[in-house]
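We name chains A, B, ... by the order of the sequence lines, and we start the count at 1 in each one.
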Number of protein chains: 2
Amino acid sequence: MIQDKKNAFNKFAAGKGLRSTRQRDCILNVFLSTHQHVSVEELYLKVKACCPGVGQATVYRTLKLFVEAGLAREVLLHDGQTRYEHVQAGEHHDHLVCTGCNAIIEFENETIEKLQDQIAERHGFMIRSHKLEIYGLCADCRS
Amino acid sequence: MIQDKKNAFNKFAAGKGLRSTRQRDCILNVFLSTHQHVSVEELYLKVKACCPGVGQATVYRTLKLFVEAGLAREVLLHDGQTRYEHVQAGEHHDHLVCTGCNAIIEFENETIEKLQDQIAERHGFMIRSHKLEIYGLCADCRS
DNA sequence: CTGCTTTTGATTATCATTTTCAATTTATCG
DNA sequence: CGATAAATTGAAAATGATAATCAAAAGCAG
Ligand SMILES: [Mn+2]
Ligand SMILES: [Mn+2]
Ligand SMILES: [Zn+2]
Ligand SMILES: [Zn+2]
């Protein structure tokens, strides 16, 4: 599955005439080996651990490429930092965000998605994307 | 109704030992006379029109007070600017955001809210707040 | 290899928001 | 009414995340 994503990115890169570089390989490896919802800073530190010379600018640039290639999705919660998560084809989910421990719980709800479609239709609105974030305290932080 | 909000703020201010100032009066007046979803910059310009000496720092500070007092709510869409909207007691709504013309359409959906409660309960999660934003093109921008 | 183009990374710039801090203003009390 | 202590203000500087610059380095087709 990791190899699939690497292939997907290589294909995307080939199609765009992008060159293959040590930096991008490293950032892709680190991203693919990473858990959900990484901040750019977190990723940058991990990348430096294996390729010390890589600059943050390159990490920022490369993450945007991953989004373009369909490997990653931007997640903007309310801590002022852009995070990136893995995208698997045809899947969508939303987030419960714990303000106590910063944990993120993912959920899917088909009914909510359908209701959104109805609302949009009622207003003649064409949906491109949406975000639903529920903030509060997770089970652990409630005690 | 405008007077109600002024009274509400004065009550809040009294309870917190805040002093009454020309600046805050002016900012409150301007905010109350303003349409939904104003950015700080927009508000700042309007404030300067009637009280030329007021600084932005004061506008930023005062808006946070309004939120604390329950008069206003922060709305963070994805244009990098914090906006503020009026809050009326016991009311909640979410947003359709047009990426073409920046129009914002408000909607309420009790079913979605209930489904959110169910999801939270299922995860032992205690909801404090949530945001649902649907991005896309409004009827006008689709043509 | 050569020459051309992309990529990189250090540095600088942006831009919204926050902090600082000295000067001003407000509320309180004698 | 002053005097005093505390809160408020506004100009300017600081912050912090991200974007833009640009000269040097690297990748690639011929
Ligand atoms: Mn997620
Ligand atoms: Mn609104
Ligand atoms: Zn938690
Ligand atoms: Zn529109």
Just N and O in the side chain of [X]: are any of them under 4.0 Å from OP1 or OP2 of [N]?
X     : N      : answer
A:S20 : D:dG27 : no
A:K64 : D:dA19 : yes
B:T21 : C:dT26 : no
A:Q23 : C:dT7  : no

Tell me the interatomic distance from [X], atom [atom1], to [N], atom [atom2], rounded to whole angstroms.
X     : N      : atom1 : atom2 : answer
B:L18 : C:dT25 : CG    : C1'   : 15 Å
A:R61 : C:dT8  : CZ    : P     : 6 Å
B:Y60 : D:dA13 : OH    : P     : 18 Å
A:L65 : D:dA19 : CG    : P     : 12 Å
A:D79 : D:dG16 : CG    : P     : 14 Å
B:L63 : D:dT8  : CG    : P     : 16 Å
B:L77 : C:dA16 : CG    : C1'   : 15 Å
B:K16 : D:dA7  : NZ    : P     : 11 Å

- Comparing B:A57 and B:R24 on DNA chain D - which has the more 5′ nearest nucleotide: B:R24
- Item | Pairwise 5' ranking along DNA chain D for B:R22 and A:T82, keeping only the more 5' one | B:R22
- Heavy-atom side-chain proximity of B:R73 to B:H92 below 4.5 angstrom: yes
- Query: Heavy-atom distance under 4.5 Å between the side chains of A:K6 and A:L71, does that happen here?
  - Reply: no
- Item | Close aromatic pair by centroid cut-off 6.0 Å: B:H78 and B:Y135 | yes
- Are the side chain of B:R19 and the backbone N or O of B:A13 linked by a donor-acceptor pair below 3.5 Å? no
- Message: Rounded to the nearest 0.5 Å, what separates atom OG1 in A:T21 from atom CD1 in A:I27?
- Response: 7.5 Å
- Task: State whether the distance check finds a donor on one side and an acceptor on the other, under 3.5 Å, for side chain B:R19 versus base D:dA6.
- Result: yes
- Task: For the residue pair B:F9 and B:F66, categorise the inter-ring angle as parallel (less than 30°), tilted (30 to 60°) or perpendicular (more than 60°).
- Result: perpendicular
- Note on the structure: Sorted by number, residues from residues 27-49 of chain A placing a heavy atom under 4.0 Å from DNA chain C are none
- Note on the structure: Using a 4.5 Å side-chain heavy-atom cut-off and chaining through intermediate ILVMFWY residues, the residues clustered with A:L96 come out as A:I105, A:F107, A:I112, A:L115, A:I119, A:F125, A:I127, A:L132, A:I134, B:L96, B:I105, B:F107, B:I112, B:L115, B:I119, B:F125, B:I127, B:L132, B:I134
